[in-house]
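Take a look at the structure below.
Hydrogens, waters and symmetry mates play no part in the numbers below; they use all other heavy atoms, side chains included.
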Amino acid sequence: MELFWEKGFHATSMQDLVSHLGINRASLYDTYGGKEALFDKAFAYYKKTSGAWLEELFQGEASVKQGFQKLFETAIQEAVSDNCRKGCFVVNTTTEMVPGSDKMQHSLMVHKAQIEKLFVGYVQKGLNSGEITSSKSAEELGLMLYTLYNGIRVVSKVDVNPKKLQMVVDAGLSILG
């Protein structure tokens, strides 16, 4: 997963995989069925673990605003500490594989819908409790925050200035009231 995440699907060669995994080429095919199958498994694992982490974060924070602040702070911290600037595996795969792979586009659309649902539901929790006072709907706010989160993950691959990133996050979160 780390190798595909850092290099991308197309730039990762079979030899890279063989060397990274420490197995021979035949074993790679016998075990995983080839490069695409291995990528699919690695990508599915990333989506599962990152989605579970997000759910846990949102469930573990009593304050919705604090939960979003923690989410964005974590993204900024990861960007600053990532010397490879690999960003988010989902974002990277989206920009590399779409358009071009209908199968991957479908997988990404399903994942996007799942994560958007988490964001919207979490915003709704804040609206219901009165913590969020915006006149915008949970859907509008959730989709905007989802887009901001992904934008931060993209921009931080190029510019890792934590003060600038935090400034953008603060402006985005200010819409919550």
field: Residues that Asn128 engages under side chain to side chain donor-acceptor pair (under 3.5 Å), provided they are two or more places apart
entry: Gln124

field: Contact summary for Ala79 and Val160, nearest pair of heavy atoms
entry: O-CG1, 3.6 Å

query: Minimum heavy-atom separation for Ser50 to His111, with atom names?
result: OG-CE1, 4.5 Å

Please tabulate, for the side chains in residues 144-154, all donor-acceptor contacts under 3.5 angstrom to protein atoms that are two or more places apart in sequence or on a different chain.
{"residue": "Thr147", "atom": "OG1", "partner": "Leu143", "partner atom": "O", "Å": "2.9"}
{"residue": "Asn150", "atom": "ND2", "partner": "Tyr146", "partner atom": "O", "Å": "2.9"}
{"residue": "Arg153", "atom": "NH1", "partner": "Glu78", "partner atom": "OE1", "Å": "2.8"}
{"residue": "Arg153", "atom": "NH2", "partner": "Glu78", "partner atom": "OE1", "Å": "3.4"}

- request: List the steps, then state whether side chain to side chain contact (heavy atoms under 4.5 Å, CB included) holds for Phe119 with Leu54.
  value: CA-CA 9 Å; Phe119 274 70; Leu54 182 61; 3.7 Å; yes

- line: The side chain to side chain donor-acceptor pair (under 3.5 Å) partners of Lys157 (sequence neighbours excluded) come to Asn92

- line: Heavy atoms of Ser174 and Ala171 approach each other most closely as OG-O, 2.6 Å

query: Under 6.0 Å from the CE atom of Met14, do we count more than 12 heavy atoms belonging to anything else shown?
result: yes

message: Just checking Gln15: does its CD atom have more than 12 heavy atoms from other residues, nucleotides or ligands closer to it than 6.0 angstrom?
response: yes

- request: Consider only side-chain N and O atoms of Asn24 and Ser27, and report whether a donor and an acceptor are under 3.5 Å apart.
  value: yes

Test: Glu36 and Lys103 ion pair at under 4.0 Å: yes

task: Output all residues satisfying side chain to side chain donor-acceptor pair (under 3.5 Å) with Glu131, sequence neighbours left out; order by chain, then residue number.
output: Ser63

message: For Lys48, is the NZ atom crowded, meaning more than 12 foreign heavy atoms sit under 6.0 Å from it?
response: no

- request: To the nearest 0.5 Å, tell me how far Ile115 CD1 sits from Glu55 CD.
  value: 7.5 Å

- request: Look up atom CZ in Phe39 and atom CE in Met1, then write down how far apart they are to the nearest 0.5 Å.
  value: 11.0 Å

task: Check for a donor-acceptor pair, side chain of Lys136 on one end and backbone N or O of Leu176 on the other, with a separation under 3.5 Å.
output: no

- request: Enter the distance from Lys7:NZ to His20:NE2 here, rounded to the nearest 0.5 Å.
  value: 10.5 Å

- request: Would you give the length of the straight line joining atom OG1 of Thr94 to atom CG of Leu108, rounded to the nearest 0.5 angstrom?
  value: 4.0 Å

- prompt: Closest heavy-atom contact between Gly87 and Asp82?
  reply: N-OD2, 3.5 Å

query: Does the pair Gln105 and Met97 meet the rule for a side chain to side chain contact (heavy atoms under 4.5 Å, CB included), with working shown?
result: CA-CA 8 Å; Gln105 184 165 358; Met97 306 289 276; over 6 Å; no

- prompt: Got a sec: does the NZ of Lys164 have more than 12 other heavy atoms crowding it under 6.0 Å?
  reply: no

- prompt: Who passes side chain to side chain donor-acceptor pair (under 3.5 Å) against Glu116, sequence neighbours left out?
  reply: Lys112

- prompt: Do Lys35 and Phe9 meet the cation-pi criteria used here (NZ or CZ under 6.0 Å from the six-membered ring centre, within 45° of the axis)?
  reply: yes

query: Are there more than 12 heavy atoms of other residues, nucleotides or ligands under 6.0 Å from atom CZ of Phe58?
result: yes

query: side chain to side chain contact (heavy atoms under 4.5 Å, CB included) between Glu96 and Met104: does it pass, once the steps are laid out?
result: CA-CA 10 Å; Glu96 179 184 11; Met104 186 56 67; over 6 Å; no

task: For residues Thr12 and Gly8, report the shortest heavy-atom separation together with the two atoms involved.
output: OG1-O, 2.6 Å

task: Indicate whether the side chain of Asp16 and that of Ser19 have a donor and an acceptor atom separated by less than 3.5 Å.
output: no

- request: Evaluate the side chain to side chain contact (heavy atoms under 4.5 Å, CB included) criterion for residues Val64 and Ile132: first the C-alpha distance (whole Å), next the side-chain angles of each, then the deciding distance (0.1 Å), finally the verdict.
  value: CA-CA 8 Å; Val64 172; Ile132 295 175; 3.8 Å; yes

statement: Output for pair (Ser134 OG, Leu127 CG), nearest 0.5 Å, gives 7.0 Å

query: Taking all non-hydrogen atoms of both residues, which atom of Ala42 and which atom of Phe4 are closest, and how far apart?
result: CB-CD1, 4.2 Å

query: When the ring planes of Tyr46 and Phe43 are compared, do they come out parallel, tilted or perpendicular, using 30° and 60° as the limits?
result: parallel

query: Looking at residues at least two apart in the chain, or sitting in another chain, which of them share a side chain to side chain contact (heavy atoms under 4.5 Å, CB included) with Glu61?
result: Leu57, Gln66, Lys70, Tyr122

- prompt: Do Lys47 and Ser107 have side-chain atoms, one donor and one acceptor, less than 3.5 Å apart?
  reply: yes

message: Testing the 3.5 Å rule here: is there a donor-acceptor pair between the side chains of Ser137 and Glu140?
response: yes

